[in-house]
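Everything numeric in this text was worked out from a predicted model, so none of it was measured.
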Amino acid sequence: MAASYRPDYDIVSPRGTRGSLSTVGHVVYAIYAVSLFTALPMLIGVVIAYLARGDARGTVGWDHFTWAIRTFWAFLLLGLLFGALTWVLVGWPLLGLLWLWTAYRIVRGWMAVANRAPLYR
């Protein structure tokens, strides 16, 4: 799907307030980074991403919020599956790989927000 992006993050939202989606993106990734050590804040981050994604339609911010939302759902579903597999001991290394994969997605997304670059091309 070819999308035309506006390169700016600063847009006027449909609610009439001017806000920086870049700052919201940094907040979401910061919350996700904290979630690497305790998973509960990730729920707060995904709620913020869902709320901000509506205002980001047509901008590069849409990519970042979609990336964060997909990271959350993959982390949750795979975490539940791998957690269930810990009783046969194969789940522990899989949970470690999931942690590394999540850390990679957070770092890659956060760097792209800092560079104001889209994640999907």
Side-chain angles (χ1 to χ4, degrees):
M1 172 172 108
S4 61
Y5 293 110
R6 291 190 319 226
D8 59 333
Y9 274 88
D10 296 324
I11 61 170
V12 177
S13 75
R15 295 185 195 101
T17 59
R18 184 159 187 89
S20 172
L21 293 174
S22 177
T23 303
V24 176
H26 286 292
V27 168
V28 169
Y29 287 119
I31 291 171
Y32 275 31
V34 170
S35 298
L36 288 173
F37 305 101
T38 175
L40 186 58
M42 193 176 270
L43 183 61
I44 296 166
V46 78
V47 168
I48 293 170
Y50 270 116
L51 293 174
R53 189 169 72 163
D55 291 344
R57 186 174 303 279
T59 68
V60 177
W62 177 268
D63 276 357
H64 295 286
F65 299 126
T66 300
W67 179 268
I69 290 165
R70 289 177 181 171
T71 300
F72 168 80
W73 286 110
F75 176 79
L76 178 67
L77 296 175
L78 290 174
L80 291 173
L81 175 66
F82 296 163
L85 291 175
T86 57
W87 69 277
V88 292
L89 300 178
V90 73
W92 293 111
L94 292 174
L95 284 172
L97 290 174
L98 177 62
W99 189 91
L100 289 173
W101 176 83
T102 305
Y104 161 76
R105 299 236 342 155
I106 292 168
V107 169
R108 180 168 180 228
W110 211 343
M111 287 174 53
V113 165
N115 294 327
R116 297 178 182 243
L119 287 160
Y120 302 106
R121 293 181 193 205

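Interatomic distance, T86 OG1 to L95 CG, rounded to the nearest 0.5 Å: 7.0 Å. Rounding to the nearest 0.5 Å gives a distance of 6.0 Å between CG of L98 and CZ of F82. A distance of 11.0 Å separates OH of Y32 from CD1 of I44, quoted to the nearest 0.5 Å. Taken to the nearest 0.5 Å, the CG atom of L94 stands 9.0 Å off from the CG atom of L78. Between atom CG of residue L97 and atom OG1 of residue T102 there is a gap of 10.5 Å, rounded to the nearest 0.5 Å. Atom CE of M42 is separated from atom OG1 of T71 by 7.5 Å, given to the nearest 0.5 angstrom.
Remark: the backbone N or O of R105 is paired with a side-chain donor or acceptor of W67 at under 3.5 angstrom.
F37 and L40 fall into different hydrophobic clusters, where Ile, Leu, Val, Met, Phe, Trp and Tyr residues are linked whenever their side-chain heavy atoms come under 4.5 Å apart, directly or through other members. There is a path of hydrophobic side-chain contacts, each under 4.5 Å, that joins L76 to I48. Hydrophobic clustering (side-chain heavy atoms under 4.5 Å, transitive across Ile, Leu, Val, Met, Phe, Trp, Tyr) keeps W92 apart from L77. Neither M111 nor W62 shares a network with the other; the hydrophobic side chains, linked directly or stepwise wherever heavy atoms of I, L, V, M, F, W or Y lie under 4.5 Å apart, form separate groups for each. Note: the hydrophobic cluster containing L81 also contains W101 (ILVMFWY, side chain heavy atoms under 4.5 Å, direct or indirect links).
Here the side chains of F75 and W99 are not in contact, with every heavy-atom distance at 4.5 Å or above. The closest side-chain heavy-atom distance from R108 to L119 is below 4.5 Å. Side-chain contact between F72 and L43 is present, with at least one heavy-atom pair separated by less than 4.5 Å.
Of all the heavy atoms in A49 and I69, the pair that sits closest is CB-CG1, 3.8 Å. Residue I106 comes nearest to A33 through the heavy atom pair CD1-N, 3.9 Å, listed as atom of the first residue, atom of the second, then distance. Looking at every heavy atom in both residues, A52 comes nearest to L21 through O-CD2, 4.2 Å. The heavy-atom pair separating P118 from D63 by the smallest distance is CB-OD2, 3.0 Å. The two atoms that bring T59 and A56 nearest to each other are OG1-O, 2.6 Å, heavy atoms only.
Between H64 and Y29, the ring planes are perpendicular. Angles over 60° get that label, and only those under 30° would be called parallel.
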